[in-house]
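Only one structure is covered here, and it is reproduced in the block below.
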Amino acid sequence: MDKDKLILIDGNNVIYRAFFAMPPLTNTAGQQTNAVYGFTTMLLRLIEEHKPTHLIVAFDAGKVTFRHEGYQDYKGGRQKTPPELSEQFPLLKDLLKNLGVPQYEIVNYEADDIIGTISREADEAGREVMIVSGDKDMLQLASDHTKIALIRKGVTEIELYGPEEIRSKYDLTPEQIIDLKGLMGDASDNIPGVPGVGEKTALKLLAQFGSVEGVIAGTGELKGKMKEKLETHADDAVMSKKLATIFREVPLTHSWEDMKFSGLKSDTAGPALAKLEFKSLLERLNLSGHAPVDGEVAAPAPELDIVIAAGGSELDAAVAALPEVKALHVETYGDNPHRSEVIGVALSTPEKHYFVPFETLKSGEAEALRAWLADEKSPKNGYDLHRADLALHWQGIPFAGAVHDVQLAAYLLDPTEANQNLSDLVAKYGLPHLAADEEVFGKGAKYKVPELAVLGAHVAAKSAAVLGVVPKQEQDLADTAMLKLFHDLEMPLSRILADMEKQGILVNQDGLKELGREFERTIAGLVEQIYEIAGTEFNLNSTKQLGEILFDKLGLPVVKKTKTGYSTDAEVLEKLAPYHDIVQMILQYRTIAKLQSTYVEGLLKEIAPSTGKVHTFYRQTIAATGRLSSQFPNLQNIPIRLEEGRKIRKVFVPSEPGWSILAADYSQIELRVLAHISDDARLKDAFLHDMDIHTKTAMDVFGVPAEAVDSNMRRSAKAVNFGIVYGISDYGLSQNLNITRKEAAKFIDAYFEVFQGVRRYMDDIVKEARKAGYVTTLLERRRYLPEINASNFNQRSFAERTAMNTPIQGTAADIIKLAMIHMDRALFERGLKSRMLLQVHDELVFEVPEDELEIMKTLVPEVMEAALKLSVPLKAEVSYGSDWYEAK
DNA sequence: TTAGTCACG
DNA sequence: ACGTACGTGACTAAA
């Protein structure tokens, strides 16, 4: 008979975390169930992996606890529980009952106190205990028999802490965790601590003095501000310590027997999960359909059959298995894939998994494997194959044949979910647990490649995970009508992006340095004058110091505040300019300093020594609307609006002598898309006649002929058009045009009076989002808007504007992506040497040999305009020159 | 690490 | 009454 093992779960804490970590799942009745779902997956995993004999979920009961008796503000300032979450408490409690999981609450006590008391008793009886919570305070309960499972990253990962782990991480004993809190406080519980003392300082003090009491007694040994603070706030520290101390003497009414857990209650668990529509959990527990249930949780996944193929017969076996390989994972290290190390490659067949270390992969022995990697006809599934392609490329190993990229599919299935890693996906689909990379490699500076066996096992587990996730995603993509978008647009685009990035764009390094010297001189002059006027030298880049000069010293009026002090942004400075000459100079300084640091120095750092080019990295899985983003360097925000900055574009030049840079951009693509999807007669008409859309808008809104539209009217109309695309609000427009909200509202009314089709679209799309929970683009790209029904006005309004904007911005993104695919094919089919280099949302940039200039001048706009047939024409304008500046 | 600022579409 | 325009990434200061 195994030893008893008790798991104690901090119910309130875990459901809270689950709520914020999980996407806003709702059942068909419209009831939000995400927190219950997250909680349940976590619970089932704990049961599977740790097989407790005893189990209890503790909840807070009632609003006032004994802690409030001593300190009124305890947990004051904490946000009210959102109704979307509080509604889920009864669901969870009901489900736990049906699963046969004991739960416990005692009026006037918090879950921590219940857990503290039970764990003390269990500890005293020598029983093994595991406490599950996201709250670091729990660490104070750790002991030889009691481990704390801290939830990390949503609810998918746990980190186990015993006294040993606490010592190695903080150099503290479990008891000292309370002292730590006493000194540093806890904003979320409104525990004050000592102001100015954070984690680092607190740890230092405790290392020296041992406890809060020790620190207070020892202030004599300290000096300066620190001493003063600790002396004045000694009482706060003592009180904070008391508040942070978990009470371990709650009068319990539950006995050890009451906490016994002997498996899920099979008769009621199935129906309860089915009622919540947790299909994947039902499957995981084999409770779906009429499959026999035995009350046991599904067995953990069988161990993977892993072969470390570092050469010899193991490598031969891996090569022999290639025709059967259904998934791979290329493990890399580094944020920038152009400069990443390759650690190794794992290959998965349904039966076996092979890990080939990089040393082996690049050796003469692995030629057959490299040929397979390069073979377009050998289909590959994996996670972030775009990154793999680039990392391998710079190691001289070509990669081709990507069919299903799990990261990309996950993005389409929920584009708002940030950076979904394989561990998350595996958990989401109820597949066998996959350790997080951080657990295996450590994070940040602590990154370390583990020994071969551990490394191989982990990377192989990743490719095995891909194997499991792919069919689930294919099903999900089919269910959401995004299969075509995935296989015909995003996957092919991924390869094209990689090609563009490898190609890179040449930078005239000398030209850039010369520009830097010019900026340097301007900056030096400005700085000198500013110091002179200010009467003192200070750090111009510090908003804090600048604020002190402007508002305290020079006494300029405070226009706007930030949460940390005075606001000094450009909008504020523009308003202050009439008061003092220094302001204009500061604005000028800001402009040039930005150019210098970001675009001269920043860009110089990104030039690859081997090519003299910059190789950006387009991220295809970031923007919620379907746009790309660009990194290392960002080439989508190179200055253009102001002449000083625009000059930066002169340094982007063709990579071959005699070639040209050719740029083509869509004209008003978003408003054209709006004309199409809103089917607004007047807007469509304007584009069918290829009119100046802002002038036309001014004519219609002000009811005047073209001759009567002055520049001011056109400017207002332009702002309204922008507002329409963004999901207009009177406030936003009023800010933009510097008019009152009333006037802005009148503008908007006048606009909608004329463009009634647009009004109908805006109304309908919000209704649709409310009903379906998501909006889509023309190519069925989807974005969920859970907050569209939120009770909070701000959240709801934001979701409404997003509902209006996303189909427009997203469809424009779809269109240019299509154009890129068609353009890539056109270049290939015609055997042209011209190369597509950059995409800037509505613009494509090429480098073109002399003898292809004529054809490209017509081909590029033709292809862009034909990318997708709308009810209004698309228009692309082309230009070219000796560099990106001239291509205007 | 977070906040403020500013570059782009 | 609420208090915002939509979508990104890079740099700097200051903790």
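First the proteins, then the strands, lettered A, B, ... as listed; each starts at 1.
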Counting side-chain heavy atoms from CB outward, which of [options] is closest to [X]?
X	options	value
A/Ala624	C/dA5, C/dT8, C/dC6	C/dT8
A/Arg627	C/dA5, B/dG9, B/dA7	B/dG9
A/Ser567	B/dT5, C/dT4, C/dA14	B/dT5
A/Tyr731	C/dA10, B/dG9, C/dT4	C/dT4
A/Leu733	C/dA5, B/dT5, C/dG7	C/dA5
A/Ser629	C/dG9, B/dA7, C/dG7	C/dG9
A/Thr802	C/dT8, C/dC6, B/dG9	C/dC6
A/Tyr726	C/dT12, B/dG9, B/dT5	B/dG9
A/Lys594	C/dA15, C/dA5, B/dA7	B/dA7
A/Arg783	C/dG7, B/dT5, B/dG9	C/dG7

How do A/Asn637 and A/Gln545 order along DNA chain C: which one's closest nucleotide is nearer the 5' end?
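First, find each residue's nearest nucleotide; the 5'-ward one identifies A/Asn637.
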
Position toward the 5' end of DNA chain C (nearest nucleotide), A/Ser597 or A/Pro415:
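Nearest-nucleotide comparison on DNA chain C picks A/Pro415.
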
Nearest-Å distance once atom [atom1] is located in both [N] and [M]:
N	M	atom1	result
B/dC6	C/dG3	P	25 Å
B/dG4	C/dA5	P	14 Å
C/dC2	B/dA7	C1'	32 Å

Is the shortest side-chain N/O distance from [X] to OP1 or OP2 of [N] below 4.0 Å?
X	N	result
A/Arg741	C/dT4	no
A/Gln636	C/dA10	no
A/Asn541	C/dA13	yes
A/Ser797	C/dG3	no
A/Arg801	C/dC6	yes
A/Thr598	C/dC11	no
A/Lys563	B/dA3	yes
A/Asn539	C/dA13	yes
A/Ser734	C/dA5	no
A/Thr562	B/dG4	yes
A/Thr564	B/dG4	yes
A/Ser542	C/dA14	yes
A/Arg641	B/dG9	yes
A/Arg590	B/dC6	yes

If you look at every heavy atom in A/Asn736 and A/Ala719, which pair is closest and at what distance?
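In terms of heavy atoms, the two residues are closest at OD1-CB, 4.0 Å.
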
Where do A/Ala867 and A/Ile815 come nearest, in terms of heavy atoms and distance?
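Scanning both residues, the minimum pair turns out to be CB-O, 3.7 Å.
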
Any donor-acceptor pair under 3.5 Å from A/Tyr618 side chain to A/Gln839 backbone:
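Side chain of A/Tyr618 to backbone of A/Gln839: a pair is present.
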
Does NZ or CZ of A/Arg782 come closer than 6.0 Å to the centre of the six-membered ring of A/Tyr774, within 45° of the ring's axis?
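Yes; both conditions hold, so A/Arg782 lies above the ring face of A/Tyr774.
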
Salt bridge flag under 4.0 Å for residues A/Arg672 and A/Glu670:
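No, this pair does not count.
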
SB check A/Arg714 A/Asp692 (cutoff 4.0 Å):
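Looking at A/Asp692 together with A/Arg714, the answer is yes, because their closest N to O distance falls below 4.0 Å.
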
Is A/Ala593 touching bases, backbone alone, or none of the nucleic acid, heavy atoms closer than 4.0 Å?
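Answer is nothing: A/Ala593 stays at 4.0 Å or more from every strand.
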
Across all strands shown, which nucleotide pairs with B/dT5 by Watson-Crick or G-U wobble geometry, both distances under 3.5 Å?
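By the stated definition (distances under 3.5 Å), C/dA10 pairs with B/dT5.
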
Quick check for you: to the nearest 0.5 Å, what is the distance between A/Ile724 atom CD1 and A/Ile748 atom CD1?
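Going from the CD1 atom of A/Ile724 to the CD1 atom of A/Ile748 covers 7.0 Å.
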
